[in-house]
Amino acid sequence: MIIGAGGVASVAAHKVAQNPDVFTEVMIASRTREKCVRLVHSIEQAYAGKPMPTFSTAKVDADNVEELVALLREFQPEIVMNLALPYQDLTIMEACLQAGVNYLDTANYEPRDEAHFEYSWQWAFKDRFEQAGLTAILGCGFDPGVSGIYTAYAAKHHFDEIQYLDIVDCNAGNHHKAFATNFNPEINIREITQKGLYYEDGEWRETEPLEIHQPLTYPNIGPRESYLLHHEELESLVKNYPTIRRARFWMTFGQQYLTYLDVIQNLGMSRIDEIEYEAPLADGTGKNVKVKIVPLQFLKAVLPNPQDLGENYDGETSIGCRIRGLKDGKERTYYVYNNCSHEAAYKETGMQGVSYTTGVPAMIGAMMFLKGIWKKPGVWNVEEFDPDPFMEQLNVQGLPWHEEFDGDLEL
């Protein structure tokens, strides 16, 4: 079962349809059933005449555990791909436990009323999933997701000891909009406007939002100004690879984007607390009524929908891990990355590259589970599984990776 019908879910559903030997019956469920129906219709048109899974759709409120449990018990999926919002991770995990269903997501939980995310809430489910004999796979998008698998692959094949890890994420595409976010605007803006955080010498160090930045050179793209952010996979990677001395996450932003973001913050439109607004009644009486709105949610409603950016999106993304450490007593560097074309992603799935780079790994993670390769009771981050079969599928499923050894990491 895929929960969600946005850009990432659309890509994942297309990739599921391309692998009918693994996926046989698929339900797509979201708050708006019509979106699910449209998605299934587009898939059936795209793969008409080819073998494909049987698709069905349903309406479900992912904030409502009882509703989720009822639907899970009715459909009885082997695994849920949670491609809804991070706010809903805990309710979906709880429903999976009650219904006896395995679980996968692409982003860790964050509360609605606080721009803060960490794995503690989801790691707290570990014993219950273990006792139920169920598997929960956390953070199986690109970053988090492939970034952790790249790190696990490097640790397995190229390093005795990883000491320095920098995850670098560049979107050099152009969607030809004045301002738009590449995934859910509410989540995107919350992530970027909070304080930065990185790990060094056993401590977490906080920075002001976008305070630390420098130009980094990306393959086939060139230099782009890259900003240090807090990102969730750092939390699990430093836990699972205790030799890491420093771990950081970098993302590129254009100057126009940052200018708009600055204006949005200064106007108070990035606020996530409720404000009271006096709105006119629609009955023509001229009377007003006081309503409560969250400024950032209102902003989301007027910004371009990330699902609709793909058609005119050109350029590419480049995401990878730059790693320094020891092998056979000698220092070595390693850079593993993928470049993804927005145009190619749109041609294949109708979605832009940012959705593609998240949706494809989500499908591969579910594939790893259904094949019995990534299957062990408990709650796990992706780097805690064998990376090799996943890395093989990245090349097969549209996200080929490249390696550079002993080059200049710039960091």
Side-chain angles (χ1 to χ4, degrees), residues 139 142-172 196 198-202 205 212-229 231 233-252 315-341 353 357 361 364 381-411:
F142 207 109
D143 45 353
V146 175
S147 54
I149 293 154
Y150 281 169
T151 305
Y153 185 82
K156 181 176 178 178
H157 295 283
H158 303 309
F159 289 91
D160 299 322
E161 187 176 305
I162 291 177
Q163 296 176 332
Y164 299 94
L165 168 67
D166 286 280
I167 298 166
V168 293
D169 183 329
C170 172
N171 181 10
Y198 68 99
Y199 180 85
E200 188 166 29
D201 296 331
R205 306 192 178 191
I212 297 176
H213 56 95
Q214 69 179 81
L216 297 175
T217 306
Y218 294 87
N220 205 40
I221 292 167
R224 290 287 191 277
E225 200 66 18
S226 306
Y227 295 79
L228 188 147
L229 301 181
H231 228 245
E233 66 261 51
L234 299 181
E235 184 184 3
S236 67
L237 287 168
V238 300
K239 178 173 77 80
N240 290 318
Y241 297 95
T243 60
I244 291 177
R245 297 179 186 175
R246 187 186 68 211
R248 301 177 296 191
F249 181 93
W250 305 82
M251 185 175 279
T252 63
E316 60 190 316
T317 65
S318 182
I319 313 174
C321 292
R322 302 185 185 193
I323 300 171
R324 190 159 84 243
L326 298 177
K327 179 69 174 176
D328 299 326
K330 296 179 182 177
E331 183 173 278
R332 84 173 319 177
T333 67
Y334 176 66
Y335 180 20
V336 55
Y337 65 91
N338 162 266
N339 277 34
C340 177
S341 159
T357 55
I364 298 174
N381 293 88
V382 293
E383 67 269 17
E384 297 178 272
F385 296 98
D386 182 6
D388 291 5
F390 196 106
M391 293 286 279
E392 290 169 12
Q393 284 299 319
L394 285 171
N395 284 329
V396 173
Q397 304 294 342
L399 292 175
W401 43 278
H402 312 276
E403 300 172 296
E404 292 179 10
F405 294 92
D406 301 319
D408 178 11
L409 297 182
E410 303 180 299
L411 290 158

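These numbers were taken from a predicted model, which means no experiment stands behind them. Below, all heavy atoms of this structure are taken into account, side chains as well, without hydrogens, waters or symmetry copies.
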Holding to side-chain contact (heavy atoms from CB on, under 4.5 Å), I want the full list of residues that pass it with [X], two or more places apart in sequence or in another chain.
| X | result |
| --- | --- |
| Asp408 | Glu410 |
| Tyr164 | Arg245, Arg246, Arg324 |
| Lys239 | Trp123 |
| Thr252 | Cys170, Tyr218, Arg224, Ser226 |

Restricting to side chain to side chain donor-acceptor pair (under 3.5 Å), what partner residues turn up for [X], sequence neighbours left out?
| X | result |
| --- | --- |
| His213 | Glu225 |
| Asp201 | none |
| Glu383 | Ser236, Asn240 |
| Glu384 | none |

With sequence neighbours left out, what residues match [X] under ring-ring contact (aromatic ring centres under 6.0 Å, His included)?
| X | result |
| --- | --- |
| Phe159 | none |
| Tyr241 | none |
| Phe390 | Trp374 |

Is there side-chain contact between [X] and [Y], with heavy atoms separated by less than 4.5 Å?
| X | Y | value |
| --- | --- | --- |
| Tyr199 | Leu234 | no |
| His158 | Ile323 | no |
| Leu394 | Pro400 | no |

Criterion side-chain contact (heavy atoms from CB on, under 4.5 Å) against Cys321, the qualifying member of Val168, Val336, Asp143 =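 The side-chain contact (heavy atoms from CB on, under 4.5 Å) with Cys321 is passed solely by Val336 among Val168, Val336, Asp143.
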
[X] side, atom [atom1]; [Y] side, atom [atom2] - distance, nearest 0.5 Å:
| X | Y | atom1 | atom2 | value |
| --- | --- | --- | --- | --- |
| Arg205 | Glu200 | CZ | CD | 4.5 Å |
| Leu411 | Gln214 | CG | CD | 5.0 Å |
| Ile162 | Leu237 | CD1 | CG | 8.5 Å |
| Glu316 | Thr357 | CD | OG1 | 12.5 Å |
| Thr333 | Phe405 | OG1 | CZ | 9.5 Å |
| Gln397 | Leu399 | CD | CG | 9.0 Å |

I'd like to know whether Gln163 forms a side chain to side chain contact (heavy atoms under 4.5 Å, CB included) with Leu326, so could you lay out the CA-CA distance, the side-chain angles of the two residues, the decisive distance to 0.1 Å, and finally the verdict. CA-CA 8 Å; Gln163 296 176 332; Leu326 298 177; 3.6 Å; yes

Is the backbone of [Y] close enough, under 3.5 Å, to the side chain of [X] for a donor and an acceptor to pair up by distance?
| X | Y | result |
| --- | --- | --- |
| Trp401 | Met391 | yes |
| Asp169 | Ile319 | no |
| Arg322 | Leu409 | yes |

(message) Minimum heavy-atom separation for Trp250 and Asp166, please, with both atom names.
(response)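 Here Trp250 and Asp166 meet closest at NE1-OD1, 2.8 Å.
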
Show the numbers, then the answer: is there a side chain to side chain contact (heavy atoms under 4.5 Å, CB included) between Asn381 and Glu235? CA-CA 10 Å; Asn381 293 88; Glu235 184 184 3; over 6 Å; no

List the atom pairs, with distances to 0.1 Å, where a side-chain N or O of residues 146-153 and a protein N or O form a donor-acceptor pair under 3.5 Å, not counting sequence neighbours.
from   : atom 1 : to     : atom 2 : distance (Å)
Ser147 : OG     : Phe142 : O      : 3.4
Ser147 : OG     : Glu233 : OE2    : 2.9
Thr151 : OG1    : Ser147 : O      : 2.8

Are side-chain N/O atoms of His402 and Asn339 paired as donor and acceptor at under 3.5 Å?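 Absent: no donor and acceptor within the cut-off.
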
Per side chain to side chain donor-acceptor pair (under 3.5 Å), Glu403 is matched among Tyr337, Tyr335, Tyr334 by Tyr334

